[in-house]
Amino acid sequence: MNVDIGNALDTSPGVSRDGLERLDRRVERAHGRIQEGRERGEHGFAALNLPERCDPREVEDTVAPFGDPRAVVTVGIGGSALGAATFSAALESDVDAYFLDNVDPAHARRLLSSLPLEETVVNVVSKSGTTAETLANFLVVRDAMQRASVDWTDRTFVTTGPSGNLRELAAKHDLPALDVPEGVPGRFAALSPVGLACAAIQGHDVEAILEGGSAAADRLDRAGAGSLFETPAYAYGAVTYALAQRGAGVNAVMPYAESLETFAEWFAQLWAESLGKDGLGQTPARALGATDQHSQLQLYRAGPRDKLVTLLRPTERPDLEIPETDLEGLSYLGGSTLGELLDAEFEATEASLAAAGRPSVRIEIDRVDERSLGELLYAMEAACVLHGDLASVDTFVQPAVEWGKRAARGLLGGGEFPEAEAVRDKETLIVDGN
Ligand SMILES: O=P(O)(O)OC[C@H]1O[C@H](O)[C@H](O)[C@@H](O)[C@@H]1O
């Protein structure tokens, strides 16, 4: 994996080479704190030790008794779904993977009525074991299985923390259970059973995912790693921080591969929940190349100068030839490939942003496979931790999200929520369309 920050230099907003060299002294100090946090296994930093801590065999052995299912449904939300969803969207499998994260009744109904429940594995994931959406969805899935006379206890396993409703459920029904490792916030848990169990059921090589993560972790351990000019993760973390400081409040992540579209969703949670505090942060926007060249690029090139575009692509991919045609004006396409066209689009976007003085960063992975994904996710996590340290925010907490969780539970009568009355009595200004 490599990160090219050249197109972020001398743009607006932008950074200069001298500015980055000055920033590099702070990167070195932040690196010292990161390494210390990893060594002590401190909350959050512990996530950067997952590639060496997580045992792929434990994950594989837990899912092995389910045999060869036709489908797997992951019931979880946020960090308990997006890592698994990223692997699943990126890698091909004969086992279909579905995600019940949202509590949209129409979606749940449609999914449950189409699934072969007797050949489906249910993977319930919640670090806290108490998240309302996840538990509600689980109860709905369990009910559907019972109605279809499927023994849900034979088809279900959980991944959860040491306590909470889910842990109790697993104990009560003797369900197989994997642990969410201690000190690892949900959005940093992709390289743990949280992200890997679904991948294992789909037959992906979880060991290779962890090896990719280890390769990125090793880069932090090398001599001289505490420089943004040496370590790709730090190049990305430092340049996104410097640009955010100069007004790039938006980071549009644009993978040039359909299979990496979900990665941008995973990244959005990582970036938004970790860095959005104390009036700071960088709003992650999701885009897809080349599709969004034909919708969002206009804004990115000519709208407010408050954006950075992160362009991501695999350098190697299976290709498809474009057939020759006698249609006038299209001869330039014939004989080349869809991959070549996509690469040309990628480079055209980068050039188009540069010509307008807009910053972009290029991230390249070798190919879309287990190892590269492990490396990419780890590097983005390390980048985020560095960015958070430079910005002096508490990267590993999410009090604003928790307020909302408490509010939703309180409004349903499921817990203390003193502000409930104020929420119900809030002023409205309805413009009635009838
Ligand atoms: O894994 P759970 O405890 O169910 O939490 C699921 C999600 O809940 C909240 O929204 C948190 O802010 C997320 O970081 C977390 O990933």
Side-chain angles (χ1 to χ4, degrees), residues 43-48 50 54 59 73-88 99-104 108 122-142 156-170 175 177-198 262-278 281 283-284 377 380-381 384-385 388 393-412 414-415 417:
H43 178 71
F45 295 102
L48 298 179
L50 281 174
C54 180
V59 178
V73 179
T74 298
V75 181
I77 196 163
S80 287
L82 291 170
T86 299
F87 296 132
S88 160
F99 293 86
L100 264 182
D101 46 3
N102 205 349
V103 278
D104 177 341
V122 181
N123 169 26
V124 195
V125 192
S126 173
K127 176 181 153 84
S128 61
T130 59
T131 301
E133 292 89 338
T134 300
L135 290 163
N137 271 329
F138 162 67
L139 293 173
V140 168
V141 173
R142 180 169 76 170
T156 305
F157 74 101
V158 307
T159 306
T160 190
S163 57
N165 305 118
L166 214 49
R167 181 61 66 182
E168 286 162 26
L169 180 98
L175 304 177
L178 286 162
D179 298 333
V180 178
E182 219 183 300
V184 177
R187 58 189 173 278
F188 287 88
L191 301 179
S192 80
V194 172
L196 299 177
C198 171
T262 311
F263 161 80
E265 271 187 60
W266 170 84
F267 179 91
Q269 184 198 8
L270 178 76
W271 222 242
E273 254 189 7
S274 303
L275 304 175
K277 346 206 128 127
D278 310 330
T283 306
L377 267 57
M380 292 298 103
E381 290 176 11
C384 180
V385 175
V393 295
D394 194 348
T395 307
F396 304 118
V397 298
Q398 56 285 329
V401 181
E402 270 146 28
W403 198 98
K405 267 179 136 171
R406 200 165 47 83
R409 222 179 295 136
L411 290 173
L412 281 170
F417 181 52

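Order of listing sets the numbers, starting from 1, for every ligand and every atom in it.
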Can you classify the ring geometry of Trp271 versus Phe267 as parallel (below 30°), tilted (30 to 60°) or perpendicular (above 60°)?
parallel
Could you tell me which atoms of ligand 1, counted from 1 in the order shown, lie closer than 4.0 angstrom to a heavy atom of Thr131?
2 (P), 3 (O), 4 (O), 5 (O)
Just distances here: any N/O of Thr134 and N/O of ligand 1 closer than 3.5 Å?
no
Smallest separation among heavy atoms of Lys277 and Thr395, with atom names:
NZ-O, 3.4 Å
Side chain, backbone, both or neither: Gln269 near ligand 1, heavy atoms under 4.0 Å
side chain
Atom 16 (O) of ligand 1: closest protein heavy atom, distance to 0.1 Å, is Gly79 N, 2.7 Å
Answer yes or no: is there a donor N or O on one side and an acceptor on the other, between the side chain of Ser192 and the main chain of Val194, under 3.5 Å?
yes
From the list Glu381, Glu265, Glu273, salt bridge (Lys or Arg N to Asp or Glu O under 4.0 Å) partner of Arg187 resolves to Glu273
Do you know which two heavy atoms are closest between Val59 and Ala197, and how far apart they sit?
CG1-CA, 3.7 Å
Nearest heavy-atom neighbours spanning Asn137 and Asp101
ND2-O, 3.6 Å
Flag Gly78 as yes when one of its N or O atoms lies below 3.5 Å from any N or O atom of ligand 1, and as no otherwise.
no
Starting from atom 9 (C) of ligand 1, what is the nearest protein heavy atom, named by residue and atom, and what distance separates them?
Lys405 NZ, 3.5 Å
Are Glu402 and ligand 1 in contact, using a heavy-atom cut-off of under 4.0 Å?
no
May I ask you to identify the nearest protein heavy atom to atom 10 (O) of ligand 1, giving residue, atom name and distance to one decimal place in Å?
Val401 CG1, 3.2 Å
Gap separating the CG atom of Leu166 from the CZ atom of Phe138, nearest 0.5 angstrom:
7.5 Å
Which of the ligand 1 atoms, numbered from 1, are nearer than 4.0 Å to a heavy atom of Ser128:
2 (P), 3 (O), 4 (O)
Which bit of Gln398 gets closer than 4.0 Å to ligand 1, counting heavy atoms only: side chain, backbone, both or neither?
side chain
Considering the heavy atoms of Ile77, write down every atom of ligand 1 situated less than 4.0 Å from one of them.
6 (C), 7 (C), 16 (O)
With rounding to the nearest 0.5 Å, note down the distance linking CG in Leu196 to OG1 in Thr159.
10.0 Å
Going by the atom numbers of ligand 1, which of them fall below 4.0 Å from some non-hydrogen atom of Glu273?
10 (O), 11 (C), 12 (O), 13 (C), 14 (O)
